[in-house]
A.B. asks: 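Below is the structure I would like to discuss, written out as structure tokens.
Indexing begins at 1, ligand by ligand and atom by atom, following the structure's order. Both backbone and side-chain heavy atoms feed into the values below; hydrogens, waters and symmetry mates do not.
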Amino acid sequence: MARFVLRLPTGNLRSFSVHSSSNGAPPGSGSQNGGPMILELPLDKIRRPLMRTRSNDPNKVQELMDSIRQIGLQVPIDVLEVDGVYYGFSGCHRYEAHQRLGLPTIRCKVRRGTKETLRHHLR
Ligand code: ADP
């Protein structure tokens, strides 16, 4: 049976940051192959065009706050990136829970899109 020794670049581990990874694929490859990226984004960098047209269930938000405080966000919110601008159309309760908890960033599953994709979401 073959044996493998995994050597880790100990001085370099910090660059393997949790801020960026892709789903199952090697770190960093998501953006190259066009797949979604998991990014920790500042709340105020995510535009929420439909925020005023939808209202959240306050009980859900409270439950999420309690849970996120205890175990952290388990499922990232979906975000669309168009020309370097981030748009969030769902994950409204998780977003509000983060706001109310005073958390500066939120974990996002970011997909690239075109202006046409954006128009489709706004329809
Ligand atoms: P949202 O508007 O954010 O999608 P929902 O109430 O419809 O709110 O769904 C909550 C989502 O948050 C579920 O998909 C659930 O899996 C996810 N989630 C992520 N992290 C947590 C957590 N810590 N506790 C509970 N649910 C969580």
A.B. asks: For ligand 1, indicate whether the residue Ile71 contacts it via side chain, backbone, both or neither (heavy-atom separation under 4.0 Å).
C.D. replies: side chain
A.B. asks: May I ask you to list the atoms of ligand 1 that are less than 4.0 angstrom from any heavy atom of Leu73?
C.D. replies: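 Heavy-atom distances to Leu73 below 4.0 Å select 19 (C), 20 (N).
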A.B. asks: With a 4.5 Å heavy-atom cut-off, do Glu40 and Ile106 have their side chains touching?
C.D. replies: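 Not touching, per the 4.5 Å side-chain cut-off.
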A.B. asks: Nearest protein heavy atom to atom 16 (O) of ligand 1, by residue and atom, and its distance?
C.D. replies: Val75 CG2, 3.5 Å
A.B. asks: Find all atoms of ligand 1 within a distance of less than 4.0 Å from any non-hydrogen atom belonging to Gly91, and give their numbers and elements.
C.D. replies: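 So the atoms of ligand 1 that pass are 1 (P), 2 (O), 3 (O), 4 (O).
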A.B. asks: Might you confirm whether atom CZ of Arg69 has over 12 heavy atoms from other residues, nucleotides or ligands at distances under 6.0 Å?
C.D. replies: yes
A.B. asks: State whether the number of non-hydrogen atoms from other residues, nucleotides or ligands found under 6.0 Å of Arg48 atom CZ is greater than 12.
C.D. replies: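 For Arg48, atom CZ is crowded (more than 12 foreign heavy atoms under 6.0 Å).
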A.B. asks: Only one of Leu43, Leu101, Val61 clears side chain to side chain contact (heavy atoms under 4.5 Å, CB included) with Glu96; which?
C.D. replies: Val61
A.B. asks: Out of curiosity, is Ser90 lining ligand 1, as in a heavy atom under 4.0 Å away?
C.D. replies: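 Judged by the 4.0 Å heavy-atom criterion, Ser90 does not count as contacting ligand 1.
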A.B. asks: Please examine the side chains of Leu80 and Phe89, heavy atoms only from C-beta on, and report whether any two atoms are closer than 4.5 Å.
C.D. replies: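 Contact flag for Phe89/Leu80 side chains = yes.
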A.B. asks: Would you check if there is a donor-acceptor pair between the side chains of Gln62 and Asp66 at a distance under 3.5 Å?
C.D. replies: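 Checked: Asp66/Gln62 side chains pair up, N/O donor to acceptor below 3.5 Å.
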A.B. asks: In terms of atom number and element, which parts of ligand 1 are under 4.0 angstrom from non-hydrogen atoms of Cys92?
C.D. replies: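 Taking each heavy atom of Cys92 in turn, ligand 1 has 1 (P), 2 (O), 3 (O) under 4.0 Å.
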A.B. asks: Is there a protein heavy atom less than 4.0 Å away from atom 19 (C) of ligand 1?
C.D. replies: yes
A.B. asks: Quick one: look up the protein heavy atom nearest atom 27 (C) of ligand 1 and list residue, atom name and how far away it is.
C.D. replies: Leu64 CD2, 3.6 Å
A.B. asks: Could you find the nearest protein heavy atom to atom 24 (N) of ligand 1 and give me its residue, atom name and distance?
C.D. replies: Ser67 OG, 2.5 Å
A.B. asks: At what distance is the nearest protein heavy atom to atom 5 (P) of ligand 1, and which residue and atom is it?
C.D. replies: Lys60 NZ, 4.1 Å
A.B. asks: Report the nearest protein non-hydrogen atom to atom 2 (O) of ligand 1: residue, atom name, distance rounded to 0.1 Å.
C.D. replies: His93 ND1, 2.7 Å
A.B. asks: Can you tell if the side chain of Cys108 reaches within under 4.5 Å of the side chain of Asp78, non-hydrogen atoms only?
C.D. replies: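 Contact flag for Cys108/Asp78 side chains = no.
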A.B. asks: Determine whether any protein heavy atom is located less than 4.0 Å from atom 7 (O) of ligand 1.
C.D. replies: yes
A.B. asks: Considering only protein heavy atoms, which is closest to atom 21 (C) of ligand 1, and at what distance to one decimal place?
C.D. replies: Gln74 N, 3.8 Å
A.B. asks: Hey, is Glu116 close enough to Arg123 for a salt bridge, meaning N to O under 4.0 Å?
C.D. replies: yes
A.B. asks: What heavy-atom pair brings Ile46 and Tyr87 nearest, and what distance separates the two atoms?
C.D. replies: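 Closest pair (atom of Ile46, atom of Tyr87, distance): CG2-C, 4.2 Å.
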A.B. asks: Give me the residue, atom name and distance of the protein heavy atom closest to atom 12 (O) of ligand 1.
C.D. replies: Arg94 CD, 3.1 Å
A.B. asks: Which residue and atom name correspond to the protein heavy atom nearest atom 23 (N) of ligand 1, and how close is it?
C.D. replies: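 Minimum-distance protein heavy atom for atom 23 (N) of ligand 1 reads Gly72 O, 2.8 Å.
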A.B. asks: Check whether any side-chain heavy atom of Val79 sits under 4.5 Å from a side-chain heavy atom of Arg111, and report yes or no.
C.D. replies: no
